[in-house]
**Q** 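There's a structure below that I have some questions on.
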Amino acid sequence: MTPLLQVKGLTKRYGARIGCQDVSFDLYPGEVMGIVGESGSGKSTLLNCLAGHLEADAGAVVFDTRADGPRDVRAMSEPERRMLARTDWAFVHQNPRDGLRMGVSAGGNVGERLMAVGARHYGNIRGQALDWLDRVEIAGDRIDDRPTAFSGGMQQRLQIARNLVTGPRLVFMDEPTGGLDVSVQARLLDLLRGLVREMGLSAVIVTHDLAVVRLLAHRLMVMKSGHVVEAGLTDQVLDDPQHGYTQLLVSSVLQA
Amino acid sequence: MGGVAMIEISGLCKNFVLHNQGGAVIPVMRDAALSVAPGECVALVGASGAGKSTLMRMVYGNYLADSGVIRVGGVDVAQAAPREVLALRRATLGYVSQFLRVVPRVPTVDVVAEPLLALGMARDEALARARDLLGRLNIPERLWTLSPTTFSGGEQQRVNIARGFAHAYPALLLDEPTASLDAANREVVLTLIEEAKARGAAILGIFHDEAARDRVCDRVVDVTRFTPGLAA
């Protein structure tokens, strides 16, 4: 099987400081990769370099495109990359306000992404938006409300609907459950697990919450000072950590 | 035993290295070796701390091996890439641990059906199988739509067992499957184990319940002989 994403030697520096250095991994269809590490460890830099929000200094991000097979995203033209971001990729921000248009209705937020890939029939767009609001458990009668009228958890679910409506194959998530209270977090985790399974999605999820990665990610990378210090099966890395930093991270979690 | 072993372990060694405690090296396993044939149930015995759970976790790929071979259905877990271990766990190797780990708020019946859904079984069929197992394990029907996180210890244990037996894994690891169960439910679990053996599952387990062990296990392996510093 061809990996959906092959990352090779990805490096990003901020002047003399290292953002992330020499990161390599393969991600296969249907796999969820978790990235953990403390603040400043480079995990968000890595995610943004993968998603093309930041320009990496070196390395390759090879994506298995539908039309032409594996291609280095960094070598693509800007329009090609933007098309990929609209059709095959999705990015869920920690703060839903960064991923939603707050002045547009919930239905409009979902429909806009469909229109960006060519949908024009108003009835179909509204129908699909309704379907997706239902899938993320937002009542259909809220379709004309703006996200400003939604709770934080609803906004996050709306952002997920907006991102997944076009049937992407790869989703980047930056602390998707951060800032939500625990009961909302659980519902979102269940939703994400179901979507990953039903749509065969692949995902890269950055978080500092070890309980979230245990339940959501198949594989885990641990970052420290811009380097990946350990990688493996999620439960193996958490239960039998090999690197001193991972051992410290795992043993530092407070028991509820 | 005739036939090719389903689970075959040889030369297995492991140390724990505690980097934040002066780099202390704790040897926990030396030259472990055993095999389990299809249809056979083998019990791991030995004093607490001898390494029974460690060995089970290594077979499941939850703990890394330093050296040696852990062959399960043709895959060497000690060498396999994470996605090979994931595929093995999905289709071939089941594990009933003592702890139920689930996403809060997910209904019990979905928790039990999940391994089947992950294998691509139709939702109706998977849920029917889950309901059947929950019924056999005497989980009251009114609890099926609730999350098991608030259940009693014995109920959680039975949900875990239902989940572990939902798919007919060719290899199965059982960590004290009858602990904290009453006589009636213990009987159900022992019958499930006997049914799994009859369909050809290779089972490796830890049973502190001696009567249960005598009834379902064909052989006993004393892990003390693999414990560094304890072996003769």
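Please read all numbers here as calculations on a predicted model, not as lab measurements. Convention: sequence-line order gives letters A, B, ...; per-chain numbering from 1.
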**Q** Mark yes when over 12 heavy atoms from residues, nucleotides or ligands other than His93(A) sit less than 6.0 Å from its NE2; otherwise mark no.
**A** yes
**Q** Between chain B and chain A, which donor-acceptor pairs sit under 3.5 Å apart?
**A**
unit_1, atom_1, unit_2, atom_2, d
Ser183(A), O, Arg105(B), NH1, 2.8
Arg193(A), NH2, Glu114(B), OE1, 2.7
Arg193(A), NH2, Glu114(B), OE2, 2.4
Asp235(A), O, Asn62(B), ND2, 3.3
Asp235(A), OD1, Arg89(B), NH1, 2.8
Asp235(A), OD2, Asn62(B), ND2, 2.7
Asp235(A), OD2, Arg89(B), NH2, 3.0
Asp239(A), OD2, Asn62(B), ND2, 2.9
Asp240(A), OD2, Lys14(B), NZ, 2.7
Asp240(A), OD2, Leu64(B), N, 2.8
Gln242(A), O, His19(B), NE2, 2.8
Gly244(A), O, Asn20(B), ND2, 3.0
Gln247(A), OE1, His19(B), N, 2.9
Gln247(A), NE2, Val17(B), O, 2.8

**Q** Name the option with the most non-hydrogen atom pairs under 4.5 Å to chain A; the candidates are Leu18(B), Val17(B), Leu64(B).
**A** Leu64(B)
**Q** Quick one: which of Pro104(B), Ala118(B), Gly120(B) has the most heavy-atom pairs under 4.5 Å with chain A, could you say?
**A** Pro104(B)
**Q** So what's closer than 4.5 Å to chain A heavy atoms on Val85(B): side chain, backbone, both or neither?
**A** side chain
